[in-house]
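Scroll down for the structure; my scribbles are underneath it.
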Amino acid sequence: MTRPDITISTEVEIDYGQVYIYSASPWGRKPPSEAVTRALNDAEQSERFVGVADGLIDLVVPFRKSFNAPMRIEVWQQEPPPDDDTWDHVVDVDFDVVDGRIVFEPSGGFGSLSTEESVPSGAYRARVSGRGYTEAASGAEGSDSYQLRLWPRDADTPPALRKSWSGFPTSG
Amino acid sequence: MPLVATKTRSGALLFAAIAVVTVVAIPELRVKVTDLVEGITGGTELVGEVETQFMVAASAASQVRKCVSQRNTLDQDCDDLKFVMIDAQRMPFIARNISTAWKAGKPGVLTKDSTRESVNRRQVCRPSFPRPNGGQCDEFPFASTRQGGEGAQEHEVPARENRCQGGTLGRRYDAAGIRDGDDFLVVITHPSKIAPGPYQGVDIAKERGDC
């Protein structure tokens, strides 16, 4: 298997150095959800700079904002072949699609964008990849892009940092 | 008559010049005049006792005082008051940007407006904003509000604080039910922790715990 079953090309916006990726909205719950805060704390404390909480992924980037950044979504039948060499930063996390849609929301209380094409609902392992970080962190516009690869998972697995962009601050 | 008018204007200018020199030369007088100007154009006000004290824009203080409970905390059920809290303990440089913006006359009550955000976000904190200390740009008023966008005050802050603020705003809009067109108050908690000066590359609140 060398090709994904589904590919979706879309664009995302980033603000306050983050974009939230989710299927089930964290908003409008009683009591209010703390998912965005816990996902951020997870991203920073683990030094993965991709955090998860309650089904929400917090993708942290090393710059304030970005508009119209390409995001490619791929759905595979099984784990895809590695392509880490072509990305700056790569993290695997568990991710559930609950109603056929994936939402991308810039941090800061701004409006979200969701996939127009449907993604089959189910429990996935997700590979979150980003690149163009060095250029974007230097102030270049339109240099960053992202990929979200999904394949079915049988069991829950802790997040795994596959490749780390060297510019993120670390405690080590 | 034109000659008299010119003389009068010259006299006034001379008096103004002497007044300015006097104010600049005497520090105590300078502070008093600065406070007076801030009282007219903007400023901040501390509300409550020391332990639970918070800061608001002076222009919004009267709204706040009537909603302070006996425990010196903001009563969320008072007059449908909606507010967003920025914790200076976790975001000291962002709190500094907000408080200095208030002193410069920026408003303490903002209006959530999603129709403005797309334009606002492109007008402020652009990638070209200078960040000599490796931080990120922060703006006040927030780009998610009617008062945001062009003319907002921009300061460099630690990236960690900016990420914390992004989550704080989204979560607070949700929890407080702040929708499009709603006014809300901005409140700085732990005001004694506001950064004393501009960000110079040291994230002084990094060790103070989670966002």
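Letters A, B, ... mirror the listed sequences (proteins, then strands); counts begin at 1. Note that the structure is a prediction, hence the values are computed from the model and not measured.
- Heavy-atom distances place no part of P31(A) under 4.5 Å from chain B, backbone and side chain included.
- For the pair G167(B) and S107(A), the tightest heavy-atom approach, listed with the atom from each and the gap, is N-OG, 3.4 Å.
- To the nearest 0.5 Å, the span separating SG on C211(B) from CZ on R38(A) amounts to 13.0 Å.
- Annotation: maximal heavy-atom pairing with chain A below 4.5 Å, among G166(B), G177(B), G170(B), occurs at G166(B).
- For the set D174(B), D138(B), L169(B), the entry with the most heavy-atom pairs within less than 4.5 Å of chain A is D174(B).
- Salt bridge R171(B)/E34(A): present, at least one basic N to carboxylate O contact under 4.0 Å.
- Side-chain contact between C125(B) and K65(A) is present, with at least one heavy-atom pair separated by less than 4.5 Å.
- Under the side chain to side chain contact (heavy atoms under 4.5 Å, CB included) test applied with R64(A), the options R163(B), R131(B), Q136(B) reduce to a single match, Q136(B).
- Closest approach of G111(A) and E117(B) over heavy atoms only: N-OE2, 2.8 Å.
- Chain B forms the most heavy-atom pairs under 4.5 Å with one residue out of P106(A), S66(A), G139(A), and that residue is G139(A).
- Residue A137(A) touches chain B through its backbone alone, counting heavy-atom pairs closer than 4.5 Å.
- Between chain A and the options E161(B), R126(B), R121(B), heavy-atom pairs under 4.5 Å are most frequent for R121(B).
- Heavy-atom distances place the side chain of Q45(A), and not its backbone, under 4.5 Å from chain B.
- Within residues 179-196 of chain B, no residue has a heavy atom under 4.5 Å from a heavy atom of chain A.
- For S144(B), the parts sitting under 4.5 Å from any heavy atom of chain A are the backbone and the side chain alike.
- Within 6.0 Å of CG on N68(A) lie more than 12 heavy atoms contributed by other residues, nucleotides or ligands.
- If you run side chain to side chain contact (heavy atoms under 4.5 Å, CB included) between D210(B) and each of T37(A), L40(A), N41(A), D42(A), only N41(A) comes through.
- In terms of heavy-atom pairs under 4.5 Å with chain B, the best-connected choice from Y20(A), F63(A), F110(A) is F110(A).
- Listed here is the closest heavy atom pair of Y16(A) and N162(B): CD2-O, 3.3 Å.
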